[in-house]
Amino acid sequence: MLTKKQIRYCLDVMEEMFPNAEGELVHSNPFELVIAVLLSAQCTDKLVNKVTANLFKKYKKPEDYLNVTLEELEQDIKSIGLYRTKAKNIRKLCQVLLDNYNGEVPQTKEELMKLAGVGRKTANVVASIAFNEPAIAVDTHVERVSKRLGICRWKDSVIQVEETLMRKVPRDEWSVTHHRMIFFGRYHCKARNPNCPECPLLELCREGQKRMKKAIM
DNA sequence: CTCCCGATAT
DNA sequence: ATATCAGGAG
């Protein structure tokens, strides 16, 4: 397991590699961000942006999603995976926003997680990006990178990964850390073919060491 | 744990 | 062909 100091070093290297790491989901208000993040489950943000480019022209407010049939909404997001559940969740979510929140998006993680299709990760992303609340959303990239580097244990749950990161990273750096780890995971420490040979963190990375040994044999 | 699920990279 | 993609609900 990496020490706090080693983790600090990892984050500094990631900052150097990706100085402009930030959210890539296109949106112009909290409501659009919630929809975009909900759609992004098990799907690349690139594809989400392609779909929301048209979607957000057609649907501006929660009412707009409720004033069409479920089938029409499904067709509008069809190119994204899991589109049937996502369409249903969007409609439930919009109904709750209108019923309980005056059509606005709630600002706390606890309230956000009550919304249909919004779990821990989505709530953290929205709280962090839309409302500047310190949060570390553990998605597939953050989890993979944390486990490969040895920031946490392989068996840790996403909640344990989140707790470890919150414990070892200063609160005012949670949001940037989240984005740096995502960029590091998405473009360098990729799921399928991680670029270990050119990795500046190879020396302290347990998974990288293992992979390099395998590559030689 | 399983299911939802199309697009994309390898 | 298959793994993977800013996961969440039952």
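Numbers restart at 1 for each chain; the letters A, B, ... are given by sequence-line order, proteins then strands.
Contact annotation for Val158(A): no contact, since no heavy-atom pair falls under 4.0 Å across all strands. When heavy atoms are screened at a 4.0 angstrom cut-off, Lys46(A) is found touching no nucleic acid atom at all. Counting any heavy atom pair closer than 4.0 Å across all strands shown, Gly119(A) reaches sugar-phosphate atoms only and no base atom. No contact: Ile77(A) has no heavy atom under 4.0 Å from any strand. Val37(A) comes within 4.0 angstrom of nothing in the nucleic acid, heavy atoms only. Note on Leu38(A): nothing from the nucleic acid sits closer than 4.0 angstrom, heavy atoms only.
Note that the first and last nucleotides of DNA chain C, 5' to 3', having any atom under 4.0 angstrom from a heavy atom of chain A are dA3(C) to dA9(C).
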Evaluate Lys86(A) against Leu38(A) for side-chain contact (heavy atoms from CB on, under 4.5 Å), listing each step before the verdict.
CA-CA 7 Å; Lys86(A) 285 173 183 175; Leu38(A) 191 154; 4.0 Å; yes

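Remark: side-chain polar atoms of His27(A) are paired, donor with acceptor, to backbone N or O of Leu25(A) under 3.5 angstrom. Without hydrogens or angle criteria, His179(A) side chain to Ala21(A) main chain gives no donor-acceptor distance under 3.5 Å. A donor-acceptor contact shorter than 3.5 Å links the side chain of Asp139(A) to the backbone of Val142(A). For the pair Thr108(A) (side chain) and Glu111(A) (backbone), a donor-acceptor distance under 3.5 Å is present. Lys60(A) places a side-chain N or O within donor-acceptor distance of the main-chain N or O of Phe56(A), the cut-off being under 3.5 Å. A side-chain donor-acceptor contact under 3.5 Å links Arg144(A) to the backbone of Gly185(A).
For Lys50(A) and Arg84(A), each mapped to the nucleotide of DNA chain B holding its nearest heavy atom, the one lying further toward the 5' end belongs to Arg84(A). Taking the nucleotide of DNA chain C with the nearest heavy atom to each of Arg186(A) and Arg192(A), the more 5' of the two is matched to Arg192(A). Annotation: of the two residues near DNA chain C, Leu115(A) and Asp45(A), the 5′-most nearest-nucleotide partner is Asp45(A).
Residue Thr44(A) has no polar side-chain atom (N or O) positioned under 4.0 Å from OP1 or OP2 of dA7(B).
Look at CG on Leu47(A): it is 11 Å from P on dA9(B), rounded to the nearest Å. Summarising the geometry, the separation between NZ on Lys88(A) and P on dC3(B) is reported as 16 Å, rounded to the nearest angstrom.
For the P atoms, the distance linking dA6(C) with dT10(B) amounts to 13 Å, nearest Å. Separating the C1' atom of dC5(C) from that of dC4(B) is a span of 14 Å, rounded to the nearest Å. To the nearest whole angstrom, the two P atoms, one in dG10(C) and one in dC5(B), are 14 Å apart.
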